[in-house]
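Heavy atoms only: backbone and side chains are in, while hydrogens, waters and symmetry mates are out. In the text below, chain A, chain B and the rest are named by the order of the sequence lines, each starting its count at 1.
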Protein chains: 2
Amino acid sequence: MQLGKRKRDVLAATVDMYIRTGEPVGSKTVVKMLNHTVSSATIRNDMAELSAMGYLEQPHTSAGRIPTSAAFRLYIDHLMRKRSLSEKDCRNIDGLIKSAGDDPERLIGEASQALAQTTGCASVTTTPSGQAARIRKIEVIPISSRSAVLLLATDTGIIRTRACRFDRDVDSRAFEVLSKALNDTFRGSQLADIGLPQVQGMIGLLGEYGLACVPALTAFCHLVQETVEADVFLKGESNLLRHPDYDPVRVGRLLDFLTKREVLADLLSAIPKGLNVVIGGECQRPELEGTSIIVSNYNLGGRPDGYIGIVGPVRMDYAAAIPLTEYFAAAVGRALDEMMGIDRDNSDK
Amino acid sequence: MQLGKRKRDVLAATVDMYIRTGEPVGSKTVVKMLNHTVSSATIRNDMAELSAMGYLEQPHTSAGRIPTSAAFRLYIDHLMRKRSLSEKDCRNIDGLIKSAGDDPERLIGEASQALAQTTGCASVTTTPSGQAARIRKIEVIPISSRSAVLLLATDTGIIRTRACRFDRDVDSRAFEVLSKALNDTFRGSQLADIGLPQVQGMIGLLGEYGLACVPALTAFCHLVQETVEADVFLKGESNLLRHPDYDPVRVGRLLDFLTKREVLADLLSAIPKGLNVVIGGECQRPELEGTSIIVSNYNLGGRPDGYIGIVGPVRMDYAAAIPLTEYFAAAVGRALDEMMGIDRDNSDK
DNA sequence: TGTTAGCACTCGGCTTGCTGGAGTGCTAAA
DNA sequence: TTTAGCACTCCAGCAAGCCGAGTGCTAACA
């Protein structure tokens, strides 16, 4: 660290103040924040150097200074003092997550909502990735003589269904054969390994019913496909509008960006495991200029899986938001594991 | 109609122009729009009278005039010339809706998205109401010895699932008994008629398994409850931000209002059947000040069921948006009917 | 009676000019 | 290395003034 103690204090104070007010911070303000231990001239010198080093910049000659992305980076990684959560906060969060019942997707949704609300930002979460999930059960449920529902259950607790329709009446025996064949072939398989070829290869196993079952097999492919792709939840968008740093145009662009699920999924998947902060200018997307993303994996069965995080202005309260995001990620992981724990132990018995 | 022909033309021209520009409209502008058939002084007289009648108002003495809610009402109900959709538009919409596959909920979602995009407003839609839906099939699918999934299929094509968990191992025979009992008791029942008492009454039917099945029965209650409540989709929120009439605060309040599903459901259910336009000031909600809602039922099996509509600034292009909404409602109804048609004819055989 | 031309009047929006204050950089002294 | 002092910069905010769009009224006209 080539920065002296006082310069670091100055920088930390500047960032703190800027986060609080959003206005350029002047030397006198910093003096006050450092309890008048030095004079404003000293601070001015320090700030001039910090500017030269790329940590601060001035909107114009006679204004105070605002922190650059580099300053935020340094602040987050080394200068900031995280505010730890109170017992009560933790219990609130745990309670809220517990209340989601037995459905993982709903749990993620609720957690996303709650995180958005407590941080005052928008939140982004993904459901557990289906990539590594294994099929625990497939069920074919006849609805009428010409339609059925396929149900897929994974070992990560995800349940998905898809309807399919036939152009002629189907023998109820066909559903049984299909169900057995699907389970025999795919139970225990990773979703990612199942593709069109594997499914097409099944037609032979169905004997006389092969042709009749084609619509169901197509539906099965879609179903697997859908389950592999993690769902993305975006909540609390309107929080962004309340923030003075955002003008409508910016929020509009940002929301458009965030609602493109694939792009967002891309962005998330490029992020290393653990808790990450992406600061506006750092990533090459113009839509994210001026916004930061705090995102963390949550673990599922000991492995990093989906993401939970928040999206807000660069000038957000990292000292509170980061611990919150961490706690939410941990709590979601715990809850999901618990949700699955019982099954894990007893499955396949 | 106590308004003379020319006054109506003047009012229509004023509203047209105001919708286009958002600026107060002056007498000269109207003269131009009426092809100089009369002088500006005449128009001024007319506009003064229209002001007196409550159709126009001035932001200040020396400005043009802007239409009141009453003017918009009259415009929409009698003055406006709807722009009919081109063949191509219709085909585009139909194609888009067809592409949604066999799932009613997805279809509604896609339609909502498309309507938002074509109108440049936000869109609000509800899935078919479960209120009048009847149970076609209930399935209990064991996942492990301590967990199962309940699946509910209605005659309106809706499929819902819910997981449930038991604190001890459950005999697989119990699932069969439960499944049979549920189907025997509730198949053909309207969802709205199923409540806690009915479900509790079932415990007796389950004999020795009654106690073990309690978690499943609880889950069943929740499942019915969830299915009765129509889902509300809100799409294209960011479109609102692009509109110059909306400042962030307003959009924020509006979005908060729209994301409260219950409130929104209330608002919709208070609306008469068919196509409706609710103009900002008309309804008593302060959040809706300055915004209009165009909403229509779609029919399901000949009966009015869910809603599809858009939310946008009072100053929106009604002449285009109203026919679009009508067409979408009709198309969604048709597609849903078709989706269910085959089943209808063949069910219960 | 309805329409029109003419005219005086109103009033918000824009431009211009000015001032105060916050903040800076530099210099010289401690 | 720190500090006090000073000249300089530049924005925010205010006041004054002009411009122009639009109005209402009146008197004449068809």
Side-chain angles (χ1 to χ4, degrees), chain A residues 2-11 13-18 20-68 71 244-245 247, chain B residues 1-11 13-68 71 244-245 247:
Chain A
Q2 71 266 52
L3 240 47
K5 164 94 172 73
R6 197 187 55 222
K7 287 219 182 61
R8 292 170 49 174
D9 289 347
V10 170
L11 190 54
T14 309
V15 176
D16 270 335
M17 201 51 173
Y18 179 71
R20 208 145 70 210
T21 66
E23 308 266 286
V25 181
S27 49
K28 279 195 199 152
T29 315
V30 175
V31 170
K32 222 180 293 169
M33 293 186 75
L34 300 182
N35 296 317
H36 300 272
T37 46
V38 283
S39 82
S40 68
T42 311
I43 302 298
R44 275 203 292 283
N45 288 332
D46 288 349
M47 289 176 95
E49 271 183 72
L50 287 168
S51 292
M53 297 168 80
Y55 288 120
L56 296 177
E57 57 189 11
Q58 289 179 287
H60 56 85
T61 335
S62 71
R65 275 150 165 126
I66 59 179
T68 62
D245 286 10
D247 55 298
Chain B
M1 184 87 338
Q2 73 266 52
L3 242 47
K5 165 96 172 72
R6 196 186 57 222
K7 287 217 182 63
R8 293 171 49 173
D9 289 347
V10 170
L11 189 55
T14 308
V15 177
D16 270 335
M17 201 52 172
Y18 180 70
I19 286 177
R20 207 145 71 209
T21 66
E23 309 266 287
V25 181
S27 50
K28 278 194 199 154
T29 315
V30 175
V31 170
K32 221 180 291 169
M33 293 185 74
L34 299 182
N35 295 317
H36 300 272
T37 47
V38 282
S39 81
S40 69
T42 309
I43 301 299
R44 275 203 293 284
N45 288 332
D46 288 349
M47 289 175 95
E49 270 183 72
L50 288 167
S51 292
M53 296 167 80
Y55 288 120
L56 297 176
E57 58 190 11
Q58 289 178 288
H60 60 260
T61 335
S62 71
R65 270 140 168 136
I66 60 179
T68 61
D245 286 9
D247 55 299

Colleague: Axis-to-axis angle across the helix from dT1(C)-dA30(D) to dA30(C)-dT1(D), five pairs an end, to 10 degrees?
Modeller: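 Taking the rotation axis at each end, their angle is 30°.
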Colleague: Quick one: does any side-chain atom of Ser40(B) pair with a main-chain N or O of Ser27(B) as donor and acceptor, under 3.5 Å?
Modeller: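 No; judged by distance alone, with no hydrogens or angles, the pair does not exist.
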Colleague: With sugar-phosphate meaning primed atoms plus P, OP1 and OP2, does Ser40(B) contact a base, only sugar-phosphate, or nothing at under 4.0 Å between heavy atoms?
Modeller: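 Contact class for Ser40(B): none.
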Colleague: Where the side chain of Ser51(B) meets the backbone of Glu57(B), is there a donor-acceptor pair that is under 3.5 Å apart?
Modeller: no
Colleague: With sequence neighbours excluded, tell me which residues meet salt bridge (charged side-chain N to carboxylate O under 4.0 Å, His left out) with Glu49(B).
Modeller: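 Residues passing salt bridge (charged side-chain N to carboxylate O under 4.0 Å, His left out) with Glu49(B): Lys7(B).
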Colleague: Specify the separation, in whole Å, of atom CD1 of Ile43(A) and atom P of dA4(D).
Modeller: 12 Å
Colleague: Output the distance between atom OG1 (Thr29(A)) and atom CG (Asp16(A)), rounded to the nearest 0.5 Å.
Modeller: 13.0 Å
Colleague: By the definition side chain to side chain contact (heavy atoms under 4.5 Å, CB included), identify the one residue from Glu23(B), Met33(B), Lys32(B) that meets it with Met17(B).
Modeller: Met33(B)
Colleague: Walking along DNA chain C from 5' to 3', note the first and the last nucleotide with an atom under 4.0 Å from a heavy atom of chain B, and give both.
Modeller: dT3(C) to dG12(C)
Colleague: Stepwise, does the side-chain contact (heavy atoms from CB on, under 4.5 Å) test hold for Leu56(B) with Leu11(B)?
Modeller: CA-CA 8 Å; Leu56(B) 297 176; Leu11(B) 189 55; 3.8 Å; yes
Colleague: Write down the distance between NE2 (His60(A)) and P (dC11(D)), rounded to a whole number of angstrom.
Modeller: 5 Å
Colleague: Round to the nearest Å and state the distance from Arg44(A) atom CZ to dT3(D) atom C1'.
Modeller: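 My rounded result for the distance is 10 Å.
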Colleague: For dT2(D), does OP1 or OP2 lie under 4.0 Å from any side-chain N or O of Thr42(A)?
Modeller: no
Colleague: Considering just the side-chain nitrogens and oxygens of Ser39(A), establish if one lies under 4.0 Å of OP1 or OP2 belonging to dT2(D).
Modeller: no
Colleague: State, yes or no, whether a side-chain contact exists between Leu50(A) and Arg65(A) at a heavy-atom distance under 4.5 Å.
Modeller: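 SC-SC contact between Leu50(A) and Arg65(A) ruled out.
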Colleague: Return the value, rounded to whole Å, for the distance between atom CD of Glu57(B) and atom P of dG22(D).
Modeller: 17 Å
Colleague: Take the protein atom CZ of Arg6(A) and the nucleotide atom P of dT3(D), then report the distance between them rounded to whole Å.
Modeller: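 These atoms are roughly 8 Å apart.
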Colleague: Between Asp46(B) and Ala41(A), name the one whose nearest nucleotide on DNA chain C is closer to the 5' end.
Modeller: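 Checking each residue's closest nucleotide, the 5'-ward one belongs to Asp46(B).
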Colleague: Could you check if a side-chain atom of Asp46(B) sits within less than 4.5 angstrom of a side-chain atom of Val38(B), using non-hydrogen atoms only?
Modeller: no
Colleague: I need the NZ-P distance between Lys5(A) and dT1(D), as an integer number of Å.
Modeller: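 Going from Lys5(A) (NZ) to dT1(D) (P), I get 18 Å.
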Colleague: Could you check if a side-chain atom of Leu3(B) sits within less than 4.5 angstrom of a side-chain atom of Tyr55(B), using non-hydrogen atoms only?
Modeller: yes
